[in-house]
Engineer: 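The structure under discussion is supplied below as structure tokens; questions concerning it will follow.
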Amino acid sequence: MTDDGWALPESLRGRAFTSREAAALGVGPRRLRGDRAQQLHHGVWADAAAELSLPDRARAALGTADELAWIGHATAATLHELALPPRLRKLDRIDVTVPSPMHAPRGSGIRGRQRTLELTAIDLLDGLRVASPAQAFVDGCDYLAFEDLVALGDSVAWERAPRATRAALGDAIEAHRGRRAHRRLVAAASSVRPRSGSRPETITRLQLEALGVPEPWCNVPVVLDEEEPIAPDVAFWQASLIIEVEGDQHRVDRKQWLTDLARYNRAQRSDIEVHRVVVTTPAETRRQLVPIVDRLRSRWDASRKPPPIAPFFQGPAIFGSEPWLFSA
């Protein structure tokens with residue numbers, strides 16, 4: 001590319017940078033205001049042609065705040081790849097928190113907060129100071145509805161890829177005692193289960209609970225035949241009925257779709273009734289579940305034994321009246 005006098009120096013291309021960095025390379029304010037750079041925050045710019053990743057944007061936002069600041073709330077949850085509702089998956093602002101009593105940062109593209117935290121509540125993620133997964137769950141009580149707060153907690157606890165221990169979650173919740181929404185946080189924590197693998201599964205489980213059915217087996221691998229074990233999203237073996245929860249991944253991921261189809265066919269061959277639920281909102285999910293619950297109750301036989309659990313599985317099939325984390 002021919003340098004027309006407005007192009008950014010090579011070392012500034014494809015990334016975010018500060019006005020001070022630009023000035024050190026001879027790029028003044030007038031040149032920055034051209035069409036080759038875009039202003040992200042006060043004193044922070046980026047190559048206008050660059051597609052900045054979320055870590056890039058978070059790093060740029062932290063560059064506007066004190067060195068003790070960290071990334072929290074929805075931005076931290078997204079960086080940790082935790083469950084959030086679809087409306088929060090595209091972040092228009094970066095959540096930056098500073099220690100009290102510092103003033104919360106302000107400016108375009110930043111949502112500033114202040115909070116007192118122990119250093120153990122902050123992780124280093126690719127060099128970024130980010131609230132830990134356990135703290136990201138606690139932060140969720142500031143901006144999430146109850147069902148989404150539980151789903152966030154489930155994704156932290158998910159047993160196939162746990163992001164925090166029970167002890168770490170309990171400590172983070174206890175550290176929040178006496179602050180806003182602590183009771184709601186504890187109530188959500190009492191509903192957290194390490195066996196819901198997605199937000200749609202969590203919403204389905206909570207709506208079933210609200211409809212008064214017994215706690216199901218969720219993602220518990222069982223042996224139906226001589227093939228590989230299957231782990232239905234939701235299973236009520238006393239009714240010989242399972243519920244498969246459909247979300248975006250099931251619609252667009254061919255491998256997931258084929259896995260679900262094979263599981264459906266095997267269940268049918270074993271005379272198990274299979275229902276599918278497409279999760280959108282909690283209210284719409286409940287509407288779909290009401291006739292399934294009627295069917296569940298009509299098929300219930302307490303003497304019916306569940307299929308054998310796969311030998312590699314560890315832990316209880318259901319948690320019953322004993323909460324996984326702690327009770328409200």
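We count residues from 1, following the sequence as given.
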Engineer: Does the pair Glu244/Arg276 count as a salt bridge with the N-to-O cut at 4.0 Å?
Structural biologist: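 Result for this pair is no, no salt bridge flagged.
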Engineer: Please examine the side chains of Val96 and Arg111, heavy atoms only from C-beta on, and report whether any two atoms are closer than 4.5 Å.
Structural biologist: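 Answer no - side chains too far apart.
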Engineer: The test is salt bridge (charged side-chain N to carboxylate O under 4.0 Å, His left out); show your working for Arg15 and Glu21 and say whether it passes.
Structural biologist: CA-CA 12 Å; Arg15 68 180 184 92; Glu21 287 181 277; 3.1 Å; yes
Engineer: Between Asp154 (side chain) and Thr202 (backbone), is there a donor-acceptor pair under 3.5 Å?
Structural biologist: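 Not a single qualifying donor-acceptor pair exists.
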Engineer: With a 3.5 Å cut-off and no angle check, do the side chains of His275 and Glu273 form a donor-acceptor pair?
Structural biologist: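 A donor-acceptor contact under 3.5 Å links the two side chains.
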Engineer: State whether the side chain of Ser196 and the backbone N or O of Arg193 hold a donor-acceptor pair below 3.5 Å, judged by distance alone.
Structural biologist: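 Side chain of Ser196 to backbone of Arg193, a donor-acceptor pair under 3.5 Å: no, none is there.
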Engineer: Are the charged groups of Asp148 and Arg199 less than 4.0 angstrom apart, N to O?
Structural biologist: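 Counted as a salt bridge, because a side-chain N and a carboxylate O are separated by less than 4.0 Å.
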Engineer: Are Arg113 and Asp95 within salt-bridge range, i.e. N to O under 4.0 Å?
Structural biologist: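 Salt bridge: yes.
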Engineer: Mind checking whether His73 and Tyr143 have parallel, tilted or perpendicular rings, split at 30° and 60°?
Structural biologist: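 Because their plane-to-plane angle lies in the 30° to 60° range, the rings of His73 and Tyr143 count as tilted.
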Engineer: For Gln207 and Arg286, which I'm curious about, is there any donor-acceptor pair between the side chains at under 3.5 Å?
Structural biologist: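 There is such a pair between these side chains.
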Engineer: So Val278 and Gln288, do their side chains get closer than 4.5 Å, heavy atoms only?
Structural biologist: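 They are in side-chain contact.
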Engineer: Nearest 0.5 Å please: distance from the CZ atom of Arg184 over to the SG atom of Cys141.
Structural biologist: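 Separation between the atoms: 6.5 Å.
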Engineer: Taking atom types as modelled, is there a side-chain donor on Glu201 or Asn219 under 3.5 Å from an acceptor on the other?
Structural biologist: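 Asn219 and Glu201 do have a side-chain donor-acceptor pair below 3.5 Å.
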Engineer: For the pair Arg115 and Asp142, find out whether any cationic side-chain nitrogen is under 4.0 Å from an anionic carboxylate oxygen.
Structural biologist: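 Salt bridge flag = yes for Asp142 with Arg115.
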Engineer: Are Phe137 and Leu169 packed together at the side-chain level, in the sense that at least one heavy-atom pair is separated by less than 4.5 angstrom?
Structural biologist: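 They are in contact (side-chain heavy atoms under 4.5 Å apart), so the answer is yes.
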Engineer: With respect to Phe17, which candidate in Leu25, Leu12, Val44 satisfies the side chain to side chain contact (heavy atoms under 4.5 Å, CB included) definition?
Structural biologist: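 Going through the options one by one, the only one that passes is Leu12.
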Engineer: Quick one, Val277 and Asp233 - any side-chain contact, counting heavy atoms below 4.5 Å?
Structural biologist: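 Val277 does not reach Asp233 side chain to side chain.
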Engineer: Quick check: do His80 and Asp123 have side-chain heavy atoms less than 4.5 Å from each other?
Structural biologist: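 Touching, per the 4.5 Å side-chain cut-off.
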